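All values below come from the heavy atoms of this structure, side chains included, with hydrogens, waters and symmetry mates left out. It should be emphasised that the depicted structure is a prediction, and the values quoted were computed from it without experimental measurement. Numbers here simply count residues along the sequence, with the first being 1. Every number for a ligand or one of its atoms is a count from 1 in the order of the listing.
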Amino acid sequence: MRIYHSYDEVPQAPRVVVLGHFDGLHLGHQALIEEGRTLADRLNLPLMVATFYPQFQSLVTPEFKYIMDQDSKMRHLEEMHVDEVFSVPFSWSIAEMTPEDFVQSLLLTALHAQGIVVGFDYTFGHRAGGKAEDLMALAAPVPVKIVPAYTLNDVILSSTMIRQALREGRIADAERFLGYSYELCGEVIHGLANGRRFLVPTANVSLPKDLLLPAPGVYAGRCVLESEKTRTYDAVINIGTRPTVDDNPFEMVEAHLLNFNRDIYGEMLCVRDLYLMRGIVKFDSFEKLKEAIMKDIDTAKEYFHQKA
Ligand SMILES: Cc1cc2nc3c(=O)[nH]c(=O)nc-3n(C[C@H](O)[C@H](O)[C@H](O)COP(=O)(O)O)c2cc1C
Ligand SMILES: Nc1ncnc2c1ncn2[C@@H]1O[C@H](COP(=O)(O)OP(=O)(O)O)[C@@H](O)[C@H]1O
């Protein structure tokens, strides 16, 4: 899969273009991209996903958080047999384009779209004035496919539902909407070394600042190291602040892997299969926190045992 971050990099060749933000790549997004694949195969053209990162919401709300980091998004798109991704930052100049200009200059001229696929609620151009149905006339004779809403129990699936489930720690619900196992992946970085000295060692996972984290709390979960992909380690994971240690409001993801003792600084670690066990507590000593962590380990073991 080829990834282009500017118009100059895009080869001047016809293609089918699927448009959207696709944050989270949930079941609705997947259905849309599958329609793109079908159209591309029918027209015998490569399939491009054209997307904006940072997306529009980041311009208006700088603290906007994404369900999925960009590397994971690209990995998932590749698994979905997408041939090309065009990903550029959304800008005010794009926001101000007329719908006609958006289609002519961007879709038809810069991206050479010879087939276009969008979702039922897709909007484009100045003040989102262009609607999905307008594409038919503006892009004619290029075929345009508008994919209907994806519903679960008569409810239209949306990124908002997934955000809400994650924020409330309902990871299993989020996974039902996503259609794949939710995970947080990043490099293991150094912390304050309090874990090893006073508690249990915890691998601190470095994540992009604009990534949405699930509800703060202590979770049972499973860890996978990129270097040994087929193996998983049961773990207890703290997501959020550490009020016992300091007042730093910065939220972190730290995992203590069970039956594991190895230096993994610099390695890529994913945490997945998250299950919320309790909220984060401000203890008055490391001893009390350690007691709580030991209980968390027992609760997690019990949870994994029940699940097996
Ligand atoms: C299972 C688990 C539960 C935790 N629970 C809490 C908690 O309730 N309150 C808190 O302040 N910190 C909690 N922590 C975070 C620890 O304070 C933190 O991991 C420790 O200070 C080590 O930090 P370090 O990696 O910087 O050395 C928890 C960590 C783990 C692994
Ligand atoms: N069971 C384990 N779970 C997590 N990390 C472990 C484990 N055993 C050894 N380690 C190593 O110890 C480091 C964490 O030690 P700790 O004192 O908590 O961290 P830091 O100094 O990074 O704050 C991890 O990054 C990893 O390299």
Side-chain angles (χ1 to χ4, degrees), residues 65 69 71-72 166-172 174-175 181-209 211-308:
K65 304 277 190 223
D69 71 75
D71 287 347
S72 306
L166 291 175
R167 280 206 201 96
E168 292 171 6
R170 292 182 289 110
I171 312 300
E175 290 184 332
S181 180
Y182 173 77
E183 58 181 17
L184 294 160
C185 301
E187 189 187 329
V188 177
I189 53 167
H190 285 272
L192 303 172
N194 283 326
R196 244 169 312 161
R197 282 188 291 167
F198 308 118
L199 303 161
V200 293
T202 56
N204 300 9
V205 184
S206 167
L207 294 164
K209 294 201 173 27
L211 188 68
L212 180 86
L213 293 183
V218 178
Y219 290 78
R222 289 205 166 88
C223 288
V224 183
L225 283 162
E226 196 179 53
S227 53
E228 32 176 276
K229 268 209 170 112
T230 50
R231 186 145 182 211
T232 61
Y233 297 92
D234 293 349
V236 282
I237 300 145
N238 194 63
I239 299 185
T241 55
R242 300 140 1 136
T244 308
V245 181
D246 54 34
D247 297 331
N248 192 342
F250 183 66
E251 298 201 317
M252 298 177 36
V253 174
E254 309 176 69
H256 169 67
L257 286 60
L258 306 186
N259 307 315
F260 182 90
N261 186 7
R262 187 152 72 74
D263 179 342
I264 47 170
Y265 289 118
E267 292 198 36
M268 286 297 289
L269 178 76
C270 292
V271 303
R272 57 198 301 181
D273 300 327
L274 291 169
Y275 170 72
L276 182 59
M277 297 191 291
R278 68 166 170 94
I280 295 173
V281 176
K282 178 171 177 155
F283 292 98
D284 27 347
S285 66
F286 272 135
E287 288 73 36
K288 291 208 173 118
L289 172 53
K290 185 160 183 179
E291 262 173 49
I293 294 177
M294 290 304 145
K295 261 198 217 141
D296 294 332
I297 293 175
D298 287 342
T299 313
K301 282 184 179 162
E302 181 58 28
Y303 168 73
F304 291 124
H305 182 72
Q306 301 270 326
K307 225 182 154 207

Next item on the list: Can you see which heavy atom on Val271 is nearest to which on Ala255, and at what distance?
Entry: CG1-CB, 4.2 Å

Check: Going by the order shown, which atoms of ligand 2 are within less than 4.0 Å of some heavy atom of Ala193?
Finding: 17 (O), 20 (P), 21 (O), 23 (O)

Note to self: Please find the pair of heavy atoms, one from Glu168 and one from Ala215, that lie closest to each other, and give the distance.
What the structure shows: C-CB, 3.7 Å

Margin query: Does the residue Phe198 have a heavy-atom contact with ligand 1, meaning some pair of atoms that are separated by less than 4.0 Å?
Written below: no

Check: Considering only the protein, which heavy-atom contact is closest to atom 5 (N) of ligand 2, and what is its distance?
Finding: Ala203 N, 3.8 Å

Item checked: Residue, atom name and distance, where the atom is the protein heavy atom closest to atom 21 (O) of ligand 1 -> Val245 CG2, 3.2 Å

Note to self: Using a 4.0 Å cut-off to any heavy atom of Ala193, which atoms of ligand 1 qualify?
What the structure shows: 27 (O)

Next item on the list: Considering only non-hydrogen protein atoms, determine which one is nearest to atom 22 (C) of ligand 1 and report residue, atom name and distance to 0.1 Å.
Entry: Gly195 N, 3.4 Å

Check: So, Ser72 versus Asp69: side-chain donor-acceptor pair below 3.5 Å or not?
Finding: yes

Without placing hydrogens or testing angles, list every side-chain donor-acceptor pair under 3.5 Å for residues 221-229, not counting sequence neighbours.
unit_1 : atom_1 : unit_2 : atom_2 : d
Arg222 : NE     : Asp234 : OD1    : 3.1
Ser227 : OG     : Glu267 : OE1    : 2.9
Glu228 : OE1    : Tyr233 : OH     : 2.6
Glu228 : OE2    : Arg262 : NH2    : 3.0

Notebook entry, point to check: Going by the atom numbers of ligand 1, which of them fall below 4.0 Å from some non-hydrogen atom of Gly191?
Noted result: 26 (O)

Notebook entry, point to check: What atoms of ligand 2 come closer than 4.0 angstrom to any heavy atom of His190?
Noted result: 22 (O)

Item checked: From the candidates Asp296, Asn238, Asp246, Val200, the one that places a heavy atom nearest atom 15 (C) of ligand 1 -> Asn238

Margin query: Using a 4.0 Å heavy-atom cut-off, which part of Ala255 comes near ligand 1: side chain, backbone, both, or neither?
Written below: neither

Next item on the list: Taking only heavy atoms of Asn204 into account, list the atoms of ligand 1 that are under 4.0 Å away from them.
Entry: 25 (O)

Notebook entry, point to check: What part of Thr241 sits under 4.0 Å from ligand 1 if we count only heavy atoms: the side chain, the backbone, both or neither?
Noted result: neither

Notebook entry, point to check: Going by the atom numbers of ligand 1, which of them fall below 4.0 Å from some non-hydrogen atom of Val236?
Noted result: 1 (C)

Margin query: Keeping Lys65 on the side-chain end and Lys209 on the backbone end, is there a donor-acceptor pair under 3.5 Å?
Written below: yes

Next item on the list: Tell me which protein heavy atom sits closest to atom 6 (C) of ligand 1, plus the residue, atom name and distance to 0.1 Å.
Entry: Leu289 CD1, 3.4 Å

Margin query: Within ligand 2, which atoms have a heavy atom of Val188 less than 4.0 Å away?
Written below: 25 (O)

Notebook entry, point to check: Looking only at protein heavy atoms, which one is nearest to atom 26 (O) of ligand 1, and how far off is it?
Noted result: Leu192 N, 2.8 Å

Check: By number and element, which atoms of ligand 2 are closer than 4.0 Å to a non-hydrogen atom of Asn261?
Finding: 8 (N), 9 (C)

Notebook entry, point to check: Of the choices Ile293, Thr244, Asn194, Ile189, which has the non-hydrogen atom that lies closest to atom 10 (C) of ligand 1?
Noted result: Thr244

Checklist line | Protein heavy-atom partner closest to atom 8 (O) of ligand 1 - residue, atom, separation in Å | finding: Arg278 NH1, 2.9 Å

Notebook entry, point to check: Within the structure, does Arg262 bring an N/O atom to less than 3.5 angstrom of an N/O atom in ligand 2?
Noted result: yes

Checklist line | atom 27 (O) of ligand 2: nearest protein contact (heavy atom, Å) | finding: Ile264 N, 2.7 Å

Next item on the list: Decide if the gap between the ring center of Tyr219 and the ring center of Tyr275 is smaller than 6.0 angstrom.
Entry: no

Notebook entry, point to check: How far is atom 23 (O) of ligand 1 from its nearest protein heavy atom, and which residue and atom name does that atom have?
Noted result: Arg242 NH1, 3.0 Å

Item checked: Thr241 versus Asn248, closest heavy-atom pair with distance -> CG2-O, 3.6 Å

Next item on the list: Kindly identify the option in Gly195, Ala255, Gly191 whose heavy atom sits closest to atom 4 (C) of ligand 2.
Entry: Ala255

Item checked: Per-atom contacts, ligand 2 versus Leu257 - under 4.0 Å to a heavy atom -> 1 (N), 2 (C), 3 (N), 4 (C)

Next item on the list: Identify the protein heavy atom lying closest to atom 25 (O) of ligand 1, giving its residue, its atom name and the separation to 0.1 Å.
Entry: Thr202 OG1, 2.9 Å

Margin query: Under 4.0 Å from a heavy atom of Asp263: which atoms of ligand 2 are those, numbered in the order shown and with their elements?
Written below: 27 (O)

Item checked: For atom 9 (N) of ligand 1, the option (of Thr299, Leu199, Leu257, Val281) bearing the nearest heavy atom -> Val281

Checklist line | Proximity flag Ala292 to ligand 1, non-hydrogen atoms under 4.0 Å | finding: no

Item checked: atom 6 (C) of ligand 2: nearest protein contact (heavy atom, Å) -> Pro201 CB, 3.7 Å

Item checked: Protein residue, atom and distance nearest to atom 19 (O) of ligand 1, heavy-atom basis -> Glu254 OE1, 2.8 Å

Checklist line | Protein contact to atom 14 (C) of ligand 2 [nearest heavy atom, distance to 0.1 Å] | finding: Thr202 O, 3.2 Å

Notebook entry, point to check: Among protein heavy atoms, which lies nearest atom 21 (O) of ligand 2, and at what distance?
Noted result: Arg196 NH2, 2.7 Å

Margin query: Residue-level breakdown please: for Leu192 versus ligand 2, do any non-hydrogen atoms fall below 4.0 Å on the side chain, on the backbone, on both, or on neither?
Written below: backbone

Check: Just which atoms of ligand 2 are under 4.0 Å from any heavy atom in Tyr265?
Finding: 13 (C), 14 (C), 15 (O), 19 (O), 20 (P), 21 (O), 22 (O), 25 (O), 27 (O)

Notebook entry, point to check: Which pairs pass side chain to side chain donor-acceptor pair (under 3.5 Å) with one or both residues in residues 189-198, sequence neighbours excluded?
Noted result: Asn194-Arg197, Arg196-Tyr265

